[in-house]
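In what follows, a single structure is set out as structure tokens and then discussed.
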Amino acid sequence: MNEQVVDGQTIVSAGGIFELGFFSPNGSQGRYVGIWYKGLPTEKVAWVANRERPLIGSNGVLMIESDGNLVLVDHDKNSMPVVWSTQLSLTSNNTIIKAVLTDEGNLVLRENKLNESVVLWESFNHPSDALLPRMKIGLNTRTGEQIIVTSWKDDTNPSLGSFTIALLDPQELVQVIVLNGSLKHFRSGQWNRGSFIGVPSMTKDYSNGFQLLTDNKGETVYFSYGILNYSSPILIYLDSSGAIIQMDWDAENNKWLKMQVVPKGQCDLYNTCGPFGSCKNNDSPICKCFKGYEPKSMSEWNKGNWISGCVRRAKFQCEETSPNSDDDERKRDVFLPVSGMKLPDFSHYLLTWDKMECQDSCLKNCSCLAYAYVDGIGCMIWGKDLIDLQEFSHGGEKLYIRLAHSQLDKGRQMGARIAIIVSATVGLILIGCTLYILKIRKTGIGSLIPSCRGRIASKHTSAANLLHKSFTQGSSSELPVFSFKCIETATKNFCPRNKLGEGGFGPVYKGVLPNGQEVAIKRLSRSSGQGIEEFKNEVTLISRLQHRNLVKLMGFCIHGEEKLLIYEYMSNRSLDVFIFGSRSDDKAALSWNQRYSIIEGIARGLLYLHRDSRLKVIHRDLKASNILLDEDMNPKISDFGMARIFGGKQTIANTNRIAGTYGYMSPEYAIQGMFSEKSDVFSFGVILLEIISSKRNNSFSHSKDSLNLLEHAWQLWNEGKILDLPDPRVAGSLETTQVVRCIVVGLLCVQEHANDRPNTATIVSTLCNDTILPSPKRPAYSKDGSADDSNFSPCSRNSFSISNVEGR
């Protein structure tokens, strides 16, 4: 309460990453309180408190007032000395209020009352012009309250500028927009659960850390980003001209570098070419009308004024006043496919995962002007003018624009002629290539480098016939089929020296393809408990999932009774080898940072399966041996043979066949066969505690009082000895607060009742943010003890409080 920061003093976060203090921006006379990366120049600060009221002179003081508010006062002024305040209405007595600067750059005001820490206010909920990793922009869908970013007036004046970044339309398809006052200045395009499709430079995976989340109540939708290396400073800010700029710190040259800027061309600005007008930066002129459309005002268009856009030349079939029923089929409207597009604004989501159904739905609706089918989103349709269209040189999506049949007649005739010519030419080339290949095979040259292109060879066995029928007549996989000869060559005829290990599926071999690429090949054992259904499930399912924390399936092979899966090769094999196996010696023991990175990566992969992929997937066999590690120790979830897809709003399912691994299965699944997102959460909790302790849950025995690892962790937490749980070999690298937070998350994940466990989105948010966690209860599979759970409080019995990290 009596602590204060005067001009000339600073507060530094616990890890020495961020600093809070007084500064003058770029040589201006005003004094402001701000947060910046410690040791870096304050030309770019992450947050400013008193944006609208600069101090004149150096008599400012930041302090906690007697009413509990964090305030900035000017001691030069006798009247109205308060320059800035958190403006909270606090009525609590006998409480301790502290202000803490976290290592994420978040200034947090906390109230400690009755052994409970409550966040009263945080700067992350009141951004200025910048977004730090894990900072949020968002919208409360119930109240309409927004968390926005607002630009500075100019480089020397942090007061509110004209431009803001906000989240748009969370009820439909989320987009980020930059507003100039109340007018749209830039639009990111729709979120496809990996990137914004209007920003081609964004990669569609979580390596860039962009994510869309909701709070526990499901009311607030917010967008944030994370980074893999927090030791390398990064800042995304909105400048005074309305540009979103990503800055990375160049330590070698000691300066900030601009890594990405949007908008950066005239076509990036909102609706440059008007309705139905498409913009391309490298073209001259930059605007054009689509086929079947023409400029609304040719005179304005020729002068370079494109804002009035384009209009359609012909009516749709459904708009004609007296259609000829005998001619309806011939006059049916058609769709013009246009690739590489930033999709229009004002899209509507249609609940279907079938592309043809998406097209048919648009065609049957006379007001539907266009549709698109995008991975990660599904079906989108447009019933208004097509606004803010842009054609990219690379990236973008395919848009299908509705046209009257008459507008494509000539094009189709010409296309048919071209198709005949092309088909004939291609046919001749294929015949020539076939004869050449046959000649090579006859001379024996081709046998030196066997082709990996194969087919499903049934050899009249019942199992292979069933798979052949499934893959050729059902919903076939898009994965390539490898020839068995190629697999034999790659593994040197399944040489025992190439064997990497063996699981429930069968042995796994390392192979090298003719192009030198290393692969891992799983060979279904005849004695395996898994069979045709599991093989088919993995091939058809994992081929439709793409994420940096999921292992990539490259193809498969079916040859008689042989069934093989070809994966990308993971040079560090599986997680259990490191934490349980021969590699877990002192030299090879994983550091805490490596363990935390693996925990976070598994959580993000699981979040993708449960929430962010176009299919909701329940893994059902999540365990340490099914987490593979690449050469950079990035975790990848593997083995989807037991996985199941949930449709629509389905949240739970039941099975008579309980498949999985004891020690990782939730009680409701192991006993009743009921599985859901929360059953995978239970398995994740077990893995998390195993990673921290380097102990197996299903073979752990500490004493007569501990039946398993979960019970042991609970007892340590209950006795205030939770830091006895981590592997002692990493004691020197532990970040205490982070470790305790992870253990609490693990205990919450392994609760007896599914409703007491967090969902995956909450897990990722909790691991990535300094939020207050609920108290865990006694975990599943633990015997009754003398502790009174109803009165248990982790703050009263545990000397470690996960919410008391303070700056120094």
Polar contact flag, side-chain donor to acceptor under 3.5 angstrom, Gln175-Arg187 = yes

Taking it one step at a time, do His712 and Leu725 satisfy side chain to side chain contact (heavy atoms under 4.5 Å, CB included)?
-> CA-CA 8 Å; His712 178 58; Leu725 182 67; 4.0 Å; yes

Are any side-chain N or O atoms of Asp129 and backbone N or O atoms of Tyr237, one a donor and one an acceptor, separated by less than 3.5 Å?
-> no

With a 3.5 Å cut-off and no angle check, do the side chains of Ser241 and Asp239 form a donor-acceptor pair?
-> yes

State, with a plain yes or no, whether a side-chain heavy atom of Ser128 is found less than 4.5 Å away from one of Thr150.
-> no

Does a side-chain heavy-atom distance below 4.5 Å link Ile148 with Pro127?
-> no

Would you say the side-chain atoms of Asn106 pair up with the backbone N or O of Val108, donor to acceptor, closer than 3.5 Å?
-> no

Pro25 versus Tyr32, closest heavy-atom pair with distance = CD-CD1, 3.6 Å

Could you pull out the closest heavy-atom pair between Thr86 and Trp121, with the gap in Å?
-> CG2-CD2, 3.6 Å

Give the minimum heavy-atom separation between Ala130 and Ala46, together with the two atoms involved.
-> CB-O, 3.6 Å

Roughly how far, to the nearest 0.5 Å, is CD of Gln594 from CD1 of Ile691?
-> 12.0 Å

Check: Ser666 side chain, Ser679 main-chain N or O, donor-acceptor pair, under 3.5 Å | no

Charged N to carboxylate O below 4.0 Å: is that the case for Glu111 and Lys98?
-> no

Minimum side-chain heavy-atom gap Val33-Val48 below 4.5 Å = no

Over 12 non-hydrogen atoms of neighbours within 6.0 angstrom of CD in Glu52 = yes

State whether the side chain of Lys678 and the backbone N or O of Arg757 hold a donor-acceptor pair below 3.5 Å, judged by distance alone.
-> yes

Where at least one partner belongs to residues 151-162, residue pairs that pass salt bridge (charged side-chain N to carboxylate O under 4.0 Å, His left out), sequence neighbours excluded | none

Do we see a donor-acceptor contact under 3.5 Å between the side chains of Asp248 and Gln246?
-> yes

For Ile602, does its backbone N or O pair with a side-chain atom of Asn549 as donor and acceptor, under 3.5 Å?
-> no

Backbone N or O of Arg134 within a donor-acceptor pair of the Ser224 side chain at under 3.5 Å?
-> no

Would you please test Lys136 and Asn125 for side chain to side chain contact (heavy atoms under 4.5 Å, CB included) and show each step?
-> CA-CA 7 Å; Lys136 301 175 279 193; Asn125 286 338; 4.1 Å; yes

Please assess Asn759 against Val681 for the test side chain to side chain contact (heavy atoms under 4.5 Å, CB included), listing each intermediate value before the final yes or no.
-> CA-CA 7 Å; Asn759 60 38; Val681 166; 5.7 Å; no

Heavy atoms of Gly242 and Val178 approach each other most closely as O-CG1, 3.8 Å

Roughly how far, to the nearest 0.5 Å, is CG of Leu167 from CD1 of Ile177?
-> 8.5 Å

Could you check Glu735 against Asn593 for side chain to side chain contact (heavy atoms under 4.5 Å, CB included), going step by step and ending with a plain yes or no?
-> CA-CA 9 Å; Glu735 295 184 25; Asn593 285 338; 3.5 Å; yes

Residues at least two apart in sequence or cross-chain that pass salt bridge (Lys or Arg N to Asp or Glu O under 4.0 Å) with Asp727, listed by chain then number, are Arg595, Arg729

Quick one: pull up CG in Leu709 and CD1 in Ile692 and give me the separation to the nearest 0.5 Å.
-> 9.5 Å

Check whether any side-chain heavy atom of Val745 lies under 4.5 Å from a side-chain heavy atom of Leu747, and answer yes or no.
-> no

Do Asp680 and Ser683 meet the criterion of a side-chain donor-acceptor pair at a distance under 3.5 Å?
-> no

Parallel, tilted or perpendicular: rings of Tyr37 and Trp256 (30°, 60°) | tilted

Between atom CD of Glu711 and atom CG of Asn718, what is the distance when rounded to the nearest 0.5 Å?
-> 9.5 Å

Is it true that a side-chain atom of Arg31 and a backbone atom of Ile56 form a donor plus acceptor pair closer than 3.5 Å?
-> no

Kindly indicate whether the side chain of Tyr225, heavy atoms from C-beta on, has any atom under 4.5 Å from the side chain of Ile236.
-> yes

Any donor-acceptor pair under 3.5 Å linking the side chain of Asp67 with the backbone of Asn69?
-> yes

Do Trp47 and His126 have ring centroids that are under 6.0 Å from one another?
-> no

Nearest 0.5 Å please: distance from the CH2 atom of Trp714 over to the CZ atom of Arg778.
-> 6.0 Å

Do Leu179 and His185 come within less than 4.5 Å of each other through their side chains, counting heavy atoms only?
-> no

Compute whether any side-chain donor of one residue and acceptor of the other, for Ser13 and Glu19, lie under 3.5 angstrom apart.
-> no

Aromatic ring centroids of Tyr222 and Phe124 under 6.0 Å?
-> no

Please determine if Lys44 forms a cation-pi arrangement with Trp152, meaning its NZ or CZ atom is less than 6.0 Å from the six-membered ring centre and no more than 45° off the ring axis.
-> yes

Answer yes or no: is there a donor N or O on one side and an acceptor on the other, between the side chain of Ser28 and the main chain of Ser24, under 3.5 Å?
-> no

Side chain proximity check, Leu160 to Arg51, heavy atoms < 4.5 angstrom | yes

Taking the side chain as every heavy atom from C-beta outward, state whether Leu590 and Ile598 have any atom pair closer than 4.5 Å.
-> yes

Donor-acceptor pair, side chain of Ser693 and main chain of Leu689, under 3.5 angstrom | yes

Among Asn59, Val82, Val61, find the residue that satisfies the side chain to side chain contact (heavy atoms under 4.5 Å, CB included) test when tested with Asp74.
-> Asn59

On a heavy-atom basis, the closest approach of Gln9 and Gln4 is OE1-O, 3.8 Å

Which heavy atom of Trp84 sits nearest a heavy atom of Leu70, and at what distance?
-> CZ3-O, 3.7 Å

Ring center gap for Trp191 and Phe223 short of 6.0 angstrom | yes

To the nearest 0.5 Å, atom CG of Asp756 lies from atom CD of Glu752 at 9.5 Å

Just checking, is any N or O donor in the side chain of Thr156 or Asn26 under 3.5 Å from an acceptor N or O on the other one?
-> no

